[in-house]
Amino acid sequence: MKLCFNQGSCDHCPDHSMMADLEAAEKYGFDYIDLRFDVLDEYLKDHTAEELADWFKNHHLKPSSYSGLLFFNWKKTEEEKQKVFDEVKRLLPVFDTIDLRTIAVIPSFGIEEHASVKEIKDDAVYMLNQIADLCEPYGISLALEFIGSGNFTINRFDTAYDIVTTVNRDNVGIAIDLFHFHAMASDVNDVAKCDGKKIINLHLNDVEDLPIGAPYLDDSKRLWPGEGAVNKQGLADALKACGFDTEAIPAAIEVFRPEYYELSVDENVKTAYETTKAFVEKYLA
Ligand code: ZN
């Protein structure tokens with residue numbers, strides 16, 4: 001299985017920069033990097049996409065996914081929807097230049113309406129189809145990432161999978177992030193019986209053993225893969241049962257823990273590589 005480093009894991013480290021992250025990920029042996037939205041925007045203020053493409057051409061490390069398109073759904077006006085489409089149109093030529101082919105799409109949160117699951121689903125299906133239309137000519141796919149918090153509109157595997165199978169397009173799949181999977185008690189049995197080809201992003205991490213639904217069960221409680229309360233064996237077995245493609249989809253480490261941001265980029269990426277490799281060998285080989 002190929003190993004991927006999500007730049008969000010080190011983007012508050014004292015010596016972080018686009019180049020520091022790329023060089024460290026290359027140095028420790030990662031195959032891929034997931035580029036963080038704000039880091040990419042910062043980089044593009046002073047550099048071109050062509051410069052980034054050149055760097056990738058001369059290194060083993062390649063871009064995997066964009067992390068991510070924020071808050072794509074439940075836009076109340078046409079103007080707000082158009083802003084999402086315009087953002088995608090702005091980014092697509094950049095992704096095409098650097099040969100990045102998957103966008104993680106993040107649902108909206110904190111909505112005012114008491115929307116039903118069906119209302120949220122219908123809207124998300126519409127938005128994903130519109131965005132997928134824009135991405136299709138570039139051969140770029142969308143990975144819908146459910147966010148494991150009650151405040152988010154799409155927060156469980158079963159809901160996200162229902163949306164993605166209703167969209168029913170080759171370039172729209174789902175992201176499973178172990179933290180988000182655990183944090184809203186998604187069910188491994190739903191994964192075991194799903195079409196594994198629909199899972200096109202896998203985000204590795206672990207989490208402290210805190211009550212499901214607790215408001216303090218948040219991103220800051222993420223741990224390196226293998227060190228916490230996630231039902232790793234259950235999820236690994238379910239991924240095998242559903243035919244998840246461990247050859248095609250890299251294992252991408254994604255932690256946002258304040259203590260890990262105190263490390264240097266080098267120490268952060270080194271530990272990320274070691275824990276990701278050990279996790280994959282134990283559970284996904
Ligand atoms: Zn994630």
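When a ligand or atom number is given, it counts from 1 through the structure's own listing order.
Nearest to the Zn ion (ligand 1), among the N, O or S atoms that D177 has, is OD2. Taking the Zn ion (ligand 1) as reference, E145 places its N/O/S atom OE2 nearest. The atom of E254 nearest to the Zn ion (ligand 1) is OE1, with the search restricted to N, O or S atoms.
When the side-chain contact (heavy atoms from CB on, under 4.5 Å) test is applied to D133, the partners found at least two apart in sequence or on another chain are R169.
At a threshold of 2.8 Å, the Zn ion (ligand 1) has a backbone or side-chain N, O or S atom of H203 nearer than that distance.
Of the charged side-chain nitrogens involved, at least one lies within less than 4.0 Å of a carboxylate oxygen, so that K45 and E42 count as a salt-bridged pair.
Among the candidates Y32, F30, W224, the single residue satisfying the ring-ring contact (aromatic ring centres under 6.0 Å, His included) test with Y273 is F30.
Ring centers of F109 and F71: under 6.0 Å apart, within the cut-off.
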